[in-house]
Amino acid sequence: MYDLIVIGGGPAGSAAAIAAARAGAQVLLLERGRYPRHKVCGEFVSAESLDLLSTLLGTHDKALLNQAIPISHTRLFVDDRVIEIPITPAAASIARFDLDATLWHAAQNCGVEAHQQTTVQRFSGDGPFSVSTSLGEFDARALINTSGRWSNLTAPLKENGNIRDKWVGLKAHFAESAPSQSVDLYFFKGGYCGVQPARLLGADQSADPKNGDQNTIDRDKDRINVCAMVRVDTASTLLDVFWQNLQLRERSGNWQPLTEPVTTSPLFFRPPRPVQGTVLMAGDAAGFVDPFVGDGISLALRSSALAAKSLQPFFRGENSLGKAADSYRKAYEHTLQPVFRASSRIRRMLALPQALRGLLLSFLQSSPGLTRYLVHQTR
């Protein structure tokens with residue numbers, strides 16, 4: 001009988017496992033894939049979560065933070081306008097290829113029992129729980145689900161599978177000469193594309209799209225991460241995406257692909273649900289935030305830390321699992337749910353008719369204080 005089983009080994013799952021194990025819990029962490037691997041992600045880590053990430057890593061691998069690329073400003077390319085917003089303090093660009101693997105190893109170093117390539121088929125109970133996996137049956141006093149926004153364990157919770165707008169995420173790394181230390185967001189009808197500098201610490205054995213050979217990517221190249229979210233009726237490949245925005249089309253002309261593209265779907269938005277019965281949900285399993293606000297990784301780390309903290313009194317026998325779940329729900333709603341509301345408002349603003357959007361963008365360009373305030377509301 002474990003104290004806690006965490007389903008999903010991404011940043012949210014590893015963070016929850018680390019926090020719980022350091023508090024003395026016996027933790028089992030299960031991941032259906034294998035690390036390291038590329039995942040669709042903007043790879044933007046906001047300044048607000050860098051301290052938490054450092055705490056989670058402890059002394060394990062500081063190279064991840066020490067060699068992260070600082071991101072000092074963002075540029076929004078909308079309707080032939082460019083709005084530049086400073087990011088103070090600076091955020092960081094950290095590749096998911098490195099982030100996920102480093103957090104996974106940090107969890108193991110904390111005493112977490114961690115298994116990759118293990119599929120969770122189902123779970124039952126309301127505390128204790130029985131979890132059926134491809135590796136066998138496991139029992140735990142508590143359960144945190146960080147399996148993502150659309151796994152076999154979370155799909156039934158998503159409006160009964162009824163998705164009104166169909167979106168897809170696409171991502172790849174490219175080489176670009178002297179990329180700017182900014183996160184650049186190119187908006188167009190039916191989606192957007194984000195571009196920022198990237199760096200890999202680990203060897204990436206990826207197929208070179210130009211010749212199909214298995215080569216170790218040159219880690220010293222000027223690497224950028226290109227990640228887009230588009231409606232399925234707008235684009236289905238990154239090349240299609242580049243043609244949706246004239247400035248992006250011109251910039252991408254000399255890019256050289258460094259990795260094969262990866263995709264994910266479906267993407268959709270709904271109010272977050274941090275608790276399902278007595279199961280604590282964290283990361284995208286709790287709620288999928290608008291990617292352009294750049295807070296997905298931060299929300300994964302922060303929600304998981306909150307979940308693990310909320311369970312500590314239960315593990316000590318001071319309250320029930322139900323009270324621990326309710327404590328987590330309240331903490332989530334107070335500290336994290338405002339981010340979803342703010343990002344939703346900005347998304348609606350960007351979806352205004354072009355004439356109204358033009359007036360709004362002109363106002364934002366002349367009011368940098370208001371622009372910084374809007375960004376702050378998504379943190």
Side-chain angles (χ1 to χ4, degrees), residues 1-32 52 55-56 103-104 106-116 118-149 151-154 156-157 272-287 299-336:
M1 175 71 71
Y2 295 90
D3 292 314
L4 173 67
I5 292 178
V6 181
I7 304 173
S14 291
I18 291 169
R22 285 181 179 166
Q26 185 179 5
V27 183
L28 175 65
L29 176 61
L30 303 172
E31 163 60 32
R32 67 178 178 180
L52 174 56
T55 299
L56 291 167
L103 281 170
W104 179 271
Q108 291 178 309
N109 287 343
C110 289
V112 173
E113 182 181 339
H115 297 284
Q116 299 185 62
T118 302
T119 301
V120 175
Q121 297 147 344
R122 60 188 176 277
F123 58 80
S124 59
D126 55 7
F129 298 91
S130 179
V131 180
S132 301
T133 80
S134 57
L135 196 64
E137 299 281 337
F138 300 98
D139 297 319
R141 299 171 60 201
L143 191 64
I144 297 179
N145 184 355
T146 66
S147 61
R149 76 195 177 282
S151 74
N152 62 310
L153 304 175
T154 57
L157 308 179
R273 297 171 181 165
V275 174
Q276 179 68 19
T278 53
V279 177
L280 279 58
M281 315 286 281
D284 283 355
L299 285 171
L301 299 176
R302 294 166 65 193
S303 62
S304 293
L306 278 178
K309 182 179 179 180
S310 299
L311 286 171
Q312 289 179 22
F314 166 67
F315 292 146
R316 295 193 297 263
E318 297 171 3
N319 66 12
S320 66
L321 180 59
K323 288 184 178 179
D326 191 55
S327 174
Y328 171 61
R329 178 186 58 78
K330 291 177 180 177
Y332 190 106
E333 292 174 351
H334 176 71
T335 61
L336 302 182

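All heavy atoms count here, side chains included; hydrogens, waters and symmetry mates do not. Remember, it's a predicted structure, so these values are computed and weren't measured experimentally.
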Query raised in the report: Rounded to the nearest 0.5 Å, how far apart are CG of L143 and CG of L4?
Result: 7.5 Å
Query raised in the report: Do side-chain atoms of D284 reach the backbone of G148 as a donor and acceptor pair under 3.5 angstrom?
Result: no
Report task. Measure the OG-CD distance between S14 and Q108 for me, rounded to the nearest 0.5 Å. Result -> 9.0 Å
Query raised in the report: Looking at F314, does the NZ or CZ of R141 lie under 6.0 angstrom from its six-membered ring centre and within 45 degrees of the ring axis?
Result: yes
Report task. Hey, could you give me the CG/CD distance between L135 and Q121, rounded to the nearest 0.5 Å? Result -> 10.0 Å
**Report entry** Distance (rounded to the nearest 0.5 Å) between L306 CG and T335 OG1
**Finding:** 4.5 Å
Query - Within-4.5 Å side-chain heavy-atom neighbours: L28 and H115 - result: yes
Query raised in the report: How many angstroms lie between atom CD1 of I144 and atom CD1 of I5, to the nearest 0.5 angstrom?
Result: 11.5 Å
Query raised in the report: So do V6 and V112 actually touch side chain to side chain, heavy atoms under 4.5 Å?
Result: no
Query raised in the report: Is T278 reaching over with its side chain to a backbone N or O of D126, donor-acceptor style, under 3.5 angstrom?
Result: yes
Report task. Starting at CE of M281, measure out to CG of N145 and round the result to the nearest 0.5 Å. Result -> 4.5 Å
Query raised in the report: Is it true that a side-chain atom of T119 and a backbone atom of R32 form a donor plus acceptor pair closer than 3.5 Å?
Result: no
Query raised in the report: Are L321 and L311 side-chain neighbours, meaning at least one heavy-atom pair lies under 4.5 Å?
Result: yes
**Report entry** Check: I7 main-chain N/O paired with T146 side-chain donor or acceptor under 3.5 Å
**Finding:** yes
**Report entry** Minimal non-hydrogen separation, A325 against G277, with atom names
**Finding:** CB-O, 4.4 Å
Query - Check ion pair D326-K323 (N to O, under 4.0 angstrom) - result: no
Query raised in the report: Do Y332 and V275 pass the side chain to side chain contact (heavy atoms under 4.5 Å, CB included) test, and can you show the C-alpha distance, the side-chain angles, and the key distance before you say yes or no?
Result: CA-CA 10 Å; Y332 190 106; V275 174; over 6 Å; no
Query - Test log, rule side chain to side chain contact (heavy atoms under 4.5 Å, CB included), inputs L52 and R302 - result: CA-CA 8 Å; L52 174 56; R302 294 166 65 193; 3.9 Å; yes
